[in-house]
Amino acid sequence: MGKDKETRVRFAPSPTGHLHIGSARTAYFNWLFAKKNQGKLVLRIEDTDAARHVEQSLESLTHALRWLGLGWDEGYEAGGGSGPYRQSQRKAIYAGYAQKLIDAEKAYPCFCSPQNLAQQRQQAEKEGKTYTYNRCCLNLKRSEVQERIAKGSPYAVRIQLPHRHKIHFEDTVYGNITVDTSQLDDFIILRSNQLPTYNFSATIDDALMKISHVIRGEDHLSNTPKQIIIYHLLGFGLPCFTHLPMILGEDGRKLSKRHGSVSIEAYKNQGILPQAILNYLALLGWSYTGQQDIFSVQEAVEKFDLSRLHKKPARFDHQKLLWINGCYIRGMDPDRLAALIAQRMKTGLKDKDLRTDWDRDLEKKIKMIVPLIQERIKTLDEAMDWIGPFFCKVSYSQEAVHFFDRKKTDAPLVLQKTIEALENQTIFSGPNIEQNLRNLAQEMDLSLRNYTQVVRMALWGNKVSPPLFETIAILGKECTLHRLKNYLEAITAKT
RNA sequence: GGCCCGUUCGUCUAGUGGACUAGGACACAAGAUUUUCAAUCUUGGAACAGGAGUUCGAUUCUCCUACGGGCUGCCA
């Protein structure tokens with residue numbers, strides 16, 4: 001860990017599914033640390049478990065990282081001097097080191113069958129005992145080992161654990177940690193299919209790729225002693241270890257699919273902005289004053305500091321994420337927001353009942369609408385609900401039709417008068433319409449609240465709508481009158 | 001079960017022995033504003049897990065208990 005050594009960190013996901021919110025935070029913190037220290041971020045793919053490997057998730061993973069804006073300097077798809085960056089393509093390297101350890105009698109072949117071992121483990125568990133491997137293959141004669149190998153018997157390779165040896169290491173977050181090797185097992189480093197296990201491949205790669213700081217989830221804290229043994233046995237220097245507290249679901253349990261949307265992709269689909277996700281993630285397990293909640297990625301880079309990491313696992317709070325997303329939406333350039341919404345519209349309103357006169361100039365219309373809804377939405381998804389009635393025909397629910405039945409307002413009269421007033425409206429702009437209709441309400445001796453309620457119901461089929469007068473202006477004279485007449489008809493035709 | 005780690009409002013957190021009547025944010029409640037809904041502003045309720053030490057003094061240091069999380073795989 002020489003001072004002049006380059007800062008190199010890595011994000012090393014295993015391609016088993018979509019990018020998870022917890023992994024995203026790990027990626028972000030690594031990214032922040034690299035940026036802060038003008039270091040490099042390496043993307044390494046830990047695909048040593050063929051059974052769990054899902055090839056498509058690689059694309060999903062890189063896509064999500066890029067969408068979040070977390071680019072990497074080296075690694076998968078980026079190349080670099082320490083490749084290949086997929087562990088499945090580095091088999092020979094791991095096998096070589098494993099052989100080295102065998103030759104040095106620091107590791108040994110194990111011919112026990114997985115089934116057999118599982119049985120032993122089960123047995124020990126049943127008896128309430130801690131299972132440790134019985135080391136039967138450690139005592140095999142050299143000749144017998146040779147013979148079995150020659151015969152082609154499958155074997156795994158196990159570390160020969162140093163006896164009663166204390167392992168010390170320092171974690172940035174959790175401080176000094178000491179573990180006695182008696183708590184460990186002769187763990188497997190190479191499977192019988194010649195592929196390495198996590199602790200072996202991660203260690204070798206971190207060393208070979210000259211990773212200076214290992215920043216990963218707290219679930220790896222207990223693995224670290226095993227890795228330290230490998231570092232020592234192979235004569236590698238240690239990186240700095242930093243373990244990040246876990247992100248828990250809202251119920252305090254480990255985050256999993258049961259918690260609904262936990263993948264970045266799901267949040268993207270809901271219309272959460274990448275900045276908002278990163279901002280929220282930075283609030284989990286890290287803080288720099290506790291007084292500020294909204295800060296840009298740029299600010300985060302400036303302030304980021306490993307020493308302000310927490311130890312306590314944090315629960316994921318969807319409400320706060322939504323609030324942050326709302327902040328970013330409100331602060332966004334309206335034209336950019338319009339573009340994002342237009343993009344979603346193309347798929348979102350596909351099978352709805354579109355107004356025939358509005359199928360062109362989609363984005364132009366949305367630009368007019370955005371100022372009305374920008375401060376009302378928390379996600380891009382919600383924008384669809386607000387925008388829909390501008391583009392689609394409205395229909396009136398039973399509730400809408402009977403809404404004024406028990407109210408004092410003479411809805412049919414209001415509608416008739418409004419129709420007349422708007423038919424005579426020459427300049428169809430928000431302020432002009434407002435002036436006109438305010439006057440009308442006054443003439444009819446109605447509070448603006450009670451008056452607008454009728455028009456709102458007619459135009460939106462709903463108690464809630466965007467600001468009414470601007471909405472009328474955007475809807476246009478023809479459409480507005482049409483809806484007013486329709487509603488009038490609907491409420492008078494009812495029996 | 002064993003080992004490792006943790007514990008401040010419902011949630012995220014500030015706090016590193018006296019400045020703490022424990023601060024901020026989300027959420028919640030009330031009010032203001034208002035053409036609805038939001039947004040905005042004001043106000044309010046809400047926490048140091050429990051016990052024993054150390055100390056003139058503990059949210060802050062130590063120990064124990066309780067609770068929570070992680071690991072304990074030929075998963076990562």
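Here is how names work: the chains are called A, B, and so on, in the same order as the sequence lines, proteins then strands, and each is numbered from 1.
Taking the ring centre of Y133(A) as origin, the terminal cationic atom of R158(A) falls inside the region bounded by 6.0 Å and 45° from the ring axis. For the pair R483(A) and Y487(A), the NZ or CZ position fails the cation-pi test of under 6.0 Å to the six-membered ring centre and within 45 degrees of the ring normal.
K254(A) has its NZ atom 14 Å from the P atom of A76(B), to the nearest Å. Taking atom CE on M246(A) and atom C1' on U11(B), their separation rounds to 19 Å, with Å as the unit. Atom-to-atom, CD of E218(A) to P of G6(B) comes out at 9 Å; the value is rounded to the nearest Å. Computed from coordinates, the H243(A) NE2 to G6(B) P distance equals 13 Å when rounded to whole Å. Note: CD (E382(A)) to P (A39(B)) measures 10 Å, nearest angstrom. Remark: C1' of C71(B) and CG of D171(A) are 14 Å apart, rounded to the nearest angstrom. For the pair R315(A) CZ and U13(B) P, the computed distance is 11 Å after rounding to whole Å. When rounded to the nearest whole Å, the span between CG of D49(A) and P of C75(B) equals 5 Å.
When heavy atoms are screened at a 4.0 angstrom cut-off, S192(A) is found touching base atoms of the nucleic acid.
Residue whose closest nucleotide on RNA chain B sits further toward the 5' end, between L221(A) and L448(A): L221(A). Between Y131(A) and D293(A), it is D293(A) whose nearest contact on RNA chain B lies nearer the 5' terminus.
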Pair Y85(A)-Y76(A), ring-ring contact (aromatic ring centres under 6.0 Å, His included): steps then yes or no: CA-CA 5 Å; Y85(A) 294 93; Y76(A) 179 66; 9.2 Å; no

From CA spacing to verdict: salt bridge (charged side-chain N to carboxylate O under 4.0 Å, His left out), D205(A), R44(A): CA-CA 9 Å; D205(A) 287 350; R44(A) 184 173 74 222; 3.8 Å; yes

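Using N1 to N3 plus N6-O4 or O6-N4 for Watson-Crick, or N1-O2 and O6-N3 for G-U wobble, each under 3.5 Å, C71(B) pairs with G2(B). U59(B) makes up no base pair with any nucleotide shown, lacking Watson-Crick or G-U wobble contacts both under 3.5 Å. Across the strands present, A47(B) finds no partner; the criterion is a Watson-Crick or G-U wobble pair with both atom distances under 3.5 angstrom. Base-pair partner of A32(B): U40(B) (Watson-Crick or G-U wobble, both distances under 3.5 Å). Nucleotide A66(B) forms a Watson-Crick or G-U wobble pair with U7(B), both donor-acceptor distances falling under 3.5 Å.
Contact of D219(A) with A76(B) (side chain to base): no donor-acceptor pair of N or O atoms is detected under 3.5 Å. For A27(B), the base has no donor-acceptor partner in the side chain of K320(A) [N/O atoms by modelled type, under 3.5 angstrom]. Put simply, the side chain of R456(A) and the base of U35(B) share a donor and an acceptor less than 3.5 Å apart.
At a threshold of 4.5 Å between non-hydrogen side-chain atoms, the residues T471(A) and P466(A) count as touching.
One finds no side-chain N or O of T289(A) lying less than 4.0 angstrom from the OP1 or OP2 phosphate oxygen of A14(B). Of the side-chain N and O atoms in R191(A), one or more sit less than 4.0 angstrom from OP1 or OP2 of A76(B). Between A76(B) and R52(A), no contact under 4.0 Å exists linking OP1 or OP2 to a side-chain N or O.
F241(A) and Y231(A) have perpendicular rings, their planes meeting at more than 60° on a 0 to 90° scale where under 30° would count as parallel.
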